[in-house]
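Read through the structure below, which is laid out as structure tokens, and then see the notes.
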Amino acid sequence: MFLLVDCNNFYTSCEEVFNPKLKDKMVVVLSNNDGCIIARSKKAKENGIGMGEPIFNYKSLIDRKKLIIFSSNFTLYADISQRVQQVLLTFDLDMEIYSIDEAFLFADMLSQDQLIKLAFSMKEKIYKWCGIPVSIGISKTKTLAKLANKIAKKSSSGICFLFNDTEIKNALKNTKIEDVWGIGRKYQKKLKSLSIFTAKNLIDQNDEFIKKNLTVSGLRTSLELRGKSCIDLEDITTFQKSILFSRSFSNKLTSFFDLKEAISTFVSSSAKKLRKQKMMARYMSIFIATSYFDKKNTFYANSSHLNFPFPTYFTSDLIKFADMALKKIYRPNIEYKRAGILLGNFSNENIFQMDLFSSPLSFEKKKRLIKAIDKINQKQKKRSVFFAAEGLNPKWENTPINKSCKYTTSWDELPKIR
DNA sequence: TCTGGGGTCCTAGGACCC
DNA sequence: TCTGGGGTCCTAGGACCC
């Protein structure tokens, strides 16, 4: 049996842990640049505040102090997530961290009664130790566990089991097709045009039809809904395949120089992430775009891809490559609103093919240099040492206005009790 | 003049997830 | 006026090989 443990309203719940007064209030957490709503408290959801909506739609609610807003604080959320995972580990089951607020667990050799008991004690322990409420769905496959979790969210106990065929059949009948894990916006539309409205409707189709319309992923989904497990627990050791860093700018950028500074900063951050995972990249993609919502000017978006002759995790190399890529897609006199970089095609830092013409000696030298830089930045303030290409005064960064403290990861920001 | 059949690898784009 | 960010998987088509 698979269990899906999912934190309720995760980001706003994290804020509540350190700010109990928020309980039963309308609270939302905002995206970068304080632009869109990316998390809502229960009360906010009940009052019809939509996911992904721009916050300026709710200006009057904020002015009247009915709606409390937070800038996102991912340092805090990631740390709380870690703590929840630690608690889950104490139950000694195979586990897959599926996202910042979800984990799949796999239990065999347990009776239904034991599973029920287990789920209740998990929920209780996580709340007691971390202050985070969770919902748990349990069933025969991951897709059914997801479905059970959705039902659990609405139930008073916060836990839902789908064990026998009648229970499952009923659940499928009452589940809208768009609520099935694996059916997104496009497929939903397609399926509805084919008169498929519920999960039950989907599993009643024949395999060939499903594969033709939804590819093998859709076929897997429907097999899973029928109770046949096709999606295994992901191995924890599976390594990451790409690193993306993208931002919308607070001020639009026009000059090549400004854009280059922003991109170089993105490169520097992604390279740091890459080194942390002891990986090297051989592929880079850069993209830039104007504002999608700017109706006055024509929309421009472009990307440029690059395969390096050798794998690297050196910021210096990557900044040079990024510069080459950016030159290909940059057009003058345009107001850019968004940019990003993607690194991929990874290999291990110790096992890789070197460039035939570079000397191992210079490689070692570069390695020592970058390790030293990382060390300094870790010990001292962030960005004590950085590359000139990143620029001294970023013109695109914004200062979040309503950010809570790093209560759990910074000595200077520990919660104070007065 | 007439020109086969069986493969692999790579990539862009489109779907999905949180 | 103000509109997010980070991932994975699958497929078709093009390039290549023998």
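Reminder, nothing fancy here: chain letters follow the sequence lines and each chain counts from 1. Only this structure's heavy atoms are used, side chains among them; waters, hydrogens and symmetry mates stay out.
Cation-pi contact between A/Lys125 and A/Phe91: present, with separation from the ring centre below 6.0 Å and deviation from the ring axis of at most 45°.
Applying the salt bridge (charged side-chain N to carboxylate O under 4.0 Å, His left out) test to residues at least two apart or on different chains, the pairs with a partner in residues 32-57 of chain A are A/Lys42-A/Glu46. Counting only residues at least two apart or on different chains, the salt bridge (charged side-chain N to carboxylate O under 4.0 Å, His left out) pairs with a member in residues 132-150 of chain A are A/Glu96-A/Lys142, A/Glu102-A/Lys146, A/Lys140-A/Asp165.
If you check residues 39-58 of chain A against DNA chain C, the residues with a heavy atom closer than 4.0 Å are A/Pro54, A/Phe56, listed by number. Residues from residues 198-223 of chain A that place a heavy atom under 4.0 Å from any atom of DNA chain C, listed by number: A/Thr215, A/Val216, A/Ser217, A/Arg220. Across residues 393-410 of chain A, not one residue has a non-hydrogen atom less than 4.0 Å from an atom of DNA chain B. Contact check of residues 266-274 of chain A against DNA chain C (heavy atom, cut-off under 4.0 Å) returns A/Lys273.
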Dot-bracket for DNA chain B, 5' to 3', with Watson-Crick and G-U pairs under 3.5 Å, [ ] for crossing pairs and | for other-strand pairs: what is it? ....||||||||||||||
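Distance from the side chain of A/Ile38 is smallest for C/dG4 among the nucleotides C/dG4, C/dG7, C/dC2.
Every residue meeting the ring-ring contact (aromatic ring centres under 6.0 Å, His included) condition with A/Tyr11, not counting sequence neighbours, appears here in chain and number order: A/Phe74, A/Tyr77. Applying the ring-ring contact (aromatic ring centres under 6.0 Å, His included) criterion to A/Phe18, with sequence neighbours excluded, gives A/Tyr407. With sequence neighbours left out, A/Phe104 forms a ring-ring contact (aromatic ring centres under 6.0 Å, His included) with A/Tyr98, A/Trp181. Legend: residues meeting ring-ring contact (aromatic ring centres under 6.0 Å, His included) with A/Phe161, ordered by chain and number and at least two apart, are A/Phe163.
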Please list, for nucleotides 11-18 of chain B, all pairs of protein and nucleotide N/O atoms separated by less than 3.5 Å.
residue : atom : partner  : partner atom : Å
B/dT11  : OP1  : A/Asn307 : ND2          : 3.0
B/dA15  : OP2  : A/Lys186 : NZ           : 2.9
B/dC16  : OP1  : A/Gly184 : N            : 3.0
B/dC16  : OP1  : A/Gly184 : O            : 3.2
B/dC16  : OP1  : A/Lys186 : N            : 3.3
B/dC16  : OP1  : A/Tyr187 : N            : 2.7
B/dC16  : OP2  : A/Lys186 : N            : 3.2
B/dC17  : OP1  : A/Gly182 : N            : 3.1
B/dC17  : OP1  : A/Ile183 : N            : 3.4
B/dC17  : OP1  : A/Ile183 : O            : 3.2
B/dC17  : O3'  : A/Trp181 : NE1          : 3.3
B/dC18  : OP1  : A/Lys146 : NZ           : 2.7
B/dC18  : O3'  : A/Asp101 : OD1          : 3.4
B/dC18  : O3'  : A/Glu102 : OE2          : 2.9

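A stacking contact between A/Tyr292 and C/dT3 is absent: the pair does not combine a ring-centre distance of less than 5.5 Å to the base's six-membered ring with planes differing by less than 30°.
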